[in-house]
Peer 1: 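Quick one: this structure, given as structure tokens, is what I'll be asking you about.
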Amino acid sequence: MPNRNGLDLETGERLHYRGALRDGDEIAVTDRRVLLVRADEVTSVPYTNVSEVTHEWIDWLLVIMSLALAAFGVYSVSENALVGLGLTAFGLWSVYRTYRDRDRIRIHTHSQAKPIDVYPEDVDRLYDELEPAIEAVREEPEPDEHGESGEPTS
């Protein structure tokens with residue numbers, strides 16, 4: 001059972017997963033929301049506000065463009081050594097930076113234009129816990145204006 005300390009969970013709220021992010025913060029998955037635990041605050045995102053969750057292993061377009069820039073820099077060294085070395089260094093730095101941002105989980109919400117990006121240490125386990133939790137909330141019937149579920153009674 002994951003550690004519940006410092007999460008301010010509601011009574012009866014089940015904690016499915018709690019794991020570390022590569023930047024030192026933490027993420028927690030409950031049965032109703034995802035919590036981002038930073039040094040100074042806890043951000044709660046209810047699943048009813050989540051529109052999509054995606055996992056991107058790496059940005060291949062940026063990797064290809066960066067490698068092409070580095071290759072062009074190597075090719076240009078014979079014409080102008082300073083510019084060629086600069087292009088090569090910038091291309092390789094861009095490849096490193098892109099690799100550092102690998103395994104990104106993006107949480108798209110209805111209320112924010114920009115998605116929430118997290119870089120978990122154990123991306124497969126987080127994604128395996130997050131997707132079913134969101135689907136379970138989406139499958140629940142919507143309450144009507146009296147607060148009752150839309151299911152017929154027998």
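Predicted model only: the values in this text are computed from it and were never measured.
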Peer 1: Please assess Y17 against L130 for the test side chain to side chain contact (heavy atoms under 4.5 Å, CB included), listing each intermediate value before the final yes or no.
Peer 2: CA-CA 9 Å; Y17 171 79; L130 192 57; over 6 Å; no
Peer 1: side-chain hydrogen bond (donor to acceptor under 3.5 Å, both in side chains) with N49: which residues, sequence neighbours excluded?
Peer 2: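 Partners of N49 under the side-chain hydrogen bond (donor to acceptor under 3.5 Å, both in side chains) test: S111.
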Peer 1: Is the backbone N or O of L15 less than 3.5 Å from a side-chain atom of T30, with the two atoms forming a donor-acceptor pair by type?
Peer 2: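 Not confirmed, T30 side chain does not pair with L15 backbone.
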Peer 1: For T109, give me all partners under side-chain hydrogen bond (donor to acceptor under 3.5 Å, both in side chains), at least two apart in sequence or on another chain.
Peer 2: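 Per chain and number, T109 pairs via side-chain hydrogen bond (donor to acceptor under 3.5 Å, both in side chains) with no residue.
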Peer 1: Rounded to the nearest 0.5 Å, how far apart are CG of D103 and CG of D124?
Peer 2: 7.5 Å
Peer 1: Pair H108, T54 - check side chain to side chain contact (heavy atoms under 4.5 Å, CB included), show working.
Peer 2: CA-CA 8 Å; H108 301 266; T54 59; 3.9 Å; yes
Peer 1: Hydrophobic cluster membership, with links at side-chain heavy-atom distances under 4.5 Å among I/L/V/M/F/W/Y: are W57 and L62 in one?
Peer 2: no
Peer 1: With a 3.5 Å cut-off and no angle check, do the side chains of D31 and H16 form a donor-acceptor pair?
Peer 2: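 Side-chain D/A pair, D31 to H16: absent.
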Peer 1: Of all heavy-atom pairs between P120 and R22, which one has the smallest distance, and what is that distance?
Peer 2: O-NH1, 3.9 Å
Peer 1: Apart from Y96 itself, what residues make up its hydrophobic cluster, given side-chain heavy atom links below 4.5 Å?
Peer 2: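 ILVMFWY cluster around Y96 holds nothing else.
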Peer 1: Which residues pass the salt bridge (charged side-chain N to carboxylate O under 4.0 Å, His left out) test with E26, not counting sequence neighbours?
Peer 2: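 With sequence neighbours excluded, E26 shows a salt bridge (charged side-chain N to carboxylate O under 4.0 Å, His left out) to R18, given in chain and number order.
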Peer 1: Given side chain to side chain contact (heavy atoms under 4.5 Å, CB included), test E121 with L21 step by step and report yes or no.
Peer 2: CA-CA 5 Å; E121 289 180 356; L21 300 176; over 6 Å; no
Peer 1: For residues 104-118, which residue pairs qualify under salt bridge (charged side-chain N to carboxylate O under 4.0 Å, His left out), counting only residues two or more places apart or in two chains?
Peer 2: E56-R104, R104-D117, R106-D117
Peer 1: With sequence neighbours left out, which residue pairs that include part of residues 84-102 fulfil the salt bridge (charged side-chain N to carboxylate O under 4.0 Å, His left out) condition?
Peer 2: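 Residue pairs with at least one partner in residues 84-102: there are none.
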Peer 1: In terms of hydrophobic clusters joined by side-chain contacts under 4.5 Å, are W93 and V74 together?
Peer 2: no
Peer 1: Can you check whether R32's main-chain N or O pairs, donor with acceptor, with Y47's side chain at less than 3.5 Å?
Peer 2: no
Peer 1: Quick one: side-chain hydrogen bond (donor to acceptor under 3.5 Å, both in side chains) partners of E52, sequence neighbours excluded?
Peer 2: none
Peer 1: Test of understanding: clusters of I, L, V, M, F, W, Y form through side-chain heavy atoms closer than 4.5 Å, transitively. Do Y127 and I116 belong to the same one?
Peer 2: yes
Peer 1: Under 3.5 Å, which donor-acceptor pairs link side chains of residues 35-42 to any protein atom two or more places apart or in another chain?
Peer 2:
from : atom 1 : to  : atom 2 : distance (Å)
R38  : NH1    : D25 : OD2    : 3.1

Peer 1: Write down the atom of V53, the atom of E131, and the distance for their closest heavy-atom approach.
Peer 2: CB-OE2, 3.4 Å
Peer 1: Quick one: side-chain contact (heavy atoms from CB on, under 4.5 Å) partners of I58, sequence neighbours excluded?
Peer 2: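 Only W60, V63, T98, Y99 meet the side-chain contact (heavy atoms from CB on, under 4.5 Å) criterion with I58.
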Peer 1: For E135, look at atom CD and say whether over 12 heavy atoms of other residues, nucleotides or ligands are found less than 6.0 Å away.
Peer 2: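 Yes - once you tally the heavy atoms of other residues, nucleotides and ligands closer than 6.0 Å, there are more than 12.
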Peer 1: Over all heavy atoms of both residues, which pair between R33 and P46 is shortest? Give the atoms and the distance, please.
Peer 2: CB-CA, 3.7 Å
Peer 1: The criterion is side-chain contact (heavy atoms from CB on, under 4.5 Å); which residues satisfy it with L69, sequence neighbours excluded?
Peer 2: L87, F90
Peer 1: Holding to side-chain contact (heavy atoms from CB on, under 4.5 Å), I want the full list of residues that pass it with L82, two or more places apart in sequence or in another chain.
Peer 2: N80
Peer 1: Under the side-chain hydrogen bond (donor to acceptor under 3.5 Å, both in side chains) rule, collect the residues that match up with S66, sequence neighbours excluded.
Peer 2: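 Partners of S66 by the side-chain hydrogen bond (donor to acceptor under 3.5 Å, both in side chains) criterion, ordered by chain and then number, come out as S94.
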